[in-house]
Amino acid sequence: MRVMVSLILLAMLWTPRALVAQARYEYTVKYGFIKAGHARLEFSRHDNRLQSHFTIQSSPWLSRLWKMDDAIESSYDLDTDQLLTHSKRIREGKYKRDYQVSFNWQDSLILINNNPRAMHHDRLKDIPSLLYHLRTIPLQVGDTLVYMLFDGRVTGRLSLHIQTMQRIQVDGEKIAAYELRPLERSEKAEENELFITIWLSAAEPHIPVQLSVDTRYGDAVMTLQGE
């Protein structure tokens, strides 16, 4: 379950509204027809610095059995395409982790919970900055998008293949969307039989209208809430 939630975070949220300096976006998370949780992503842009705050929480009924309360905050320089800070709080059942991260691009260092590590890749993105980037780039079926992604602890390659165009139902409205699937899976994903699919709206800004995570525990689907 913990790994599944981490992948849900790999999908973050956007809603079909014009981008503004400050905005808030909402999603629901379901197993089949059962609502399992709620997620919120808040963005604010000050000059060319992007601030993001993401939270995901289990539904009240699920919290009685297994409580989830995760959060990610990050800042990103839109001029240099560089992460500045990234923090993650994980509260999933009895599992608890906290990561406080800062980036020293001049010295090529990442400081994770006060422990320095060498930075081996430039232009790292986390999920919020990646989704901000994806909103305006050209998308075409058959293309592959490649990024170096930072998740609060490690860096990995993310290759997103645009497979097809589909229509995804959101609050009674069918939205044309590109289906994107990773070409690589992490070792943890393989061990836990995880697979993730993301649908981005065809219209710009390209909005993640749906995310499906197939796990050994079942199919978890995160769907955009309308206004």
Side-chain angles (χ1 to χ4, degrees), residues 3-17 19 23 25-32 36-41 43 50 52 54-56 70 72 74 76 88 124-152 155-171 173-186 188-190 192-226:
V3 180
M4 180 278 292
V5 172
S6 297
L7 281 179
I8 285 179
L9 295 178
L10 283 178
M12 295 275 211
L13 320 170
W14 217 273
T15 186
R17 296 181 240 186
L19 288 172
Y25 315 104
E26 310 281 346
Y27 272 65
T28 57
V29 180
K30 291 184 177 181
Y31 278 103
H38 170 266
R40 173 181 295 159
L41 181 66
F43 281 103
L50 178 70
S52 64
F54 171 74
T55 58
I56 181 167
D70 294 349
I72 293 177
S74 68
Y76 189 85
K88 179 183 288 185
L124 293 178
K125 297 186 187 307
D126 61 0
I127 288 300
S129 57
L130 173 64
L131 292 180
Y132 194 92
H133 165 79
L134 288 173
R135 79 196 196 285
T136 58
I137 68 169
L139 299 178
Q140 184 173 335
V141 172
D143 286 352
T144 299
L145 310 173
V146 181
Y147 301 97
M148 294 306 300
L149 201 67
F150 181 78
D151 74 350
T155 300
R157 175 186 169 100
L158 176 65
S159 300
L160 294 171
H161 182 245
I162 306 174
Q163 294 204 334
T164 186
M165 177 83 73
Q166 297 183 8
R167 289 192 174 273
I168 304 300
Q169 185 148 333
V170 176
D171 287 347
E173 178 185 1
K174 288 190 175 181
I175 298 177
Y178 292 101
E179 179 186 353
L180 285 74
R181 297 194 180 199
L183 295 179
E184 308 109 342
R185 285 205 275 180
S186 68
K188 284 187 177 181
E190 293 289 353
N192 290 278
E193 301 174 15
L194 291 162
F195 192 76
I196 185 170
T197 305
I198 303 170
W199 288 266
L200 292 175
S201 66
E204 292 187 14
H206 301 302
I207 302 154
V209 294
Q210 186 167 278
L211 167 70
S212 176
V213 182
D214 302 321
T215 79
R216 64 175 59 175
Y217 305 104
D219 189 17
V221 178
M222 186 170 70
T223 304
L224 181 70
Q225 292 182 4

Under 4.5 Å between any side-chain heavy atoms of L160 and P182, yes or no? yes
From I198 atom CD1 to L211 atom CG, the distance as rounded to the nearest 0.5 Å: 5.5 Å
Regarding S52 and S74, is there a side-chain donor-to-acceptor distance under 3.5 Å anywhere? yes
Run the side chain to side chain contact (heavy atoms under 4.5 Å, CB included) test on Q225 and T28 for me, step by step, so that the C-alpha distance in whole Å, both residues' side-chain angles and the decisive distance to 0.1 Å come before the verdict. CA-CA 7 Å; Q225 292 182 4; T28 57; 2.7 Å; yes
Donor-acceptor pair, side chain of S129 and main chain of H133, under 3.5 angstrom: no
What distance separates W199 CH2 from R181 CZ, expressed to the nearest 0.5 Å? 6.5 Å
Would you say Q210 and V221 make side-chain contact, with heavy atoms under 4.5 Å? yes
For side chain to side chain contact (heavy atoms under 4.5 Å, CB included), just list the numbers for M148 and R157, CA-CA rounded to whole Å, side-chain angles, deciding distance to a tenth of an Å, and then say yes or no. CA-CA 5 Å; M148 294 306 300; R157 175 186 169 100; 4.0 Å; yes
Which heavy atom in H161 sits nearest to a heavy atom in L183, and how many Å separate them? CB-CD2, 3.6 Å
Working to the nearest 0.5 Å, report the span between NZ of K174 and CD of Q169. 6.0 Å
For the residue pair L224 and V170, what are the closest heavy atoms and their distance? O-CG1, 3.3 Å
Just how far is it from atom CD of E179 to atom CG of L200, taken to the nearest 0.5 Å? 11.0 Å
Test item: L131 and F43 side chains (from C-beta on) under 4.5 Å apart, heavy atoms: no
May I ask you to test the I127-I72 pair for a side-chain heavy-atom distance under 4.5 Å? no
Using 0.5 Å steps for rounding, measure from the CG atom of D151 to the CG atom of D126. 9.5 Å
Measure the CD-CG distance between E204 and L139 for me, rounded to the nearest 0.5 Å. 8.0 Å
Would you say that L145 contacts L134 through its side chain, given a criterion of any heavy-atom pair below 4.5 Å between the two side chains? yes
Would you say the side-chain atoms of K125 and Y76 include a donor-acceptor pair closer than 3.5 Å? yes
State, with a plain yes or no, whether a side-chain heavy atom of K30 is found less than 4.5 Å away from one of T223. no
For Y178 and A202 the tightest heavy-atom approach is CE1-CA, 3.7 Å
Identify the heavy atoms of R167 and A176 that sit nearest to each other, and give their distance. NH1-N, 3.9 Å
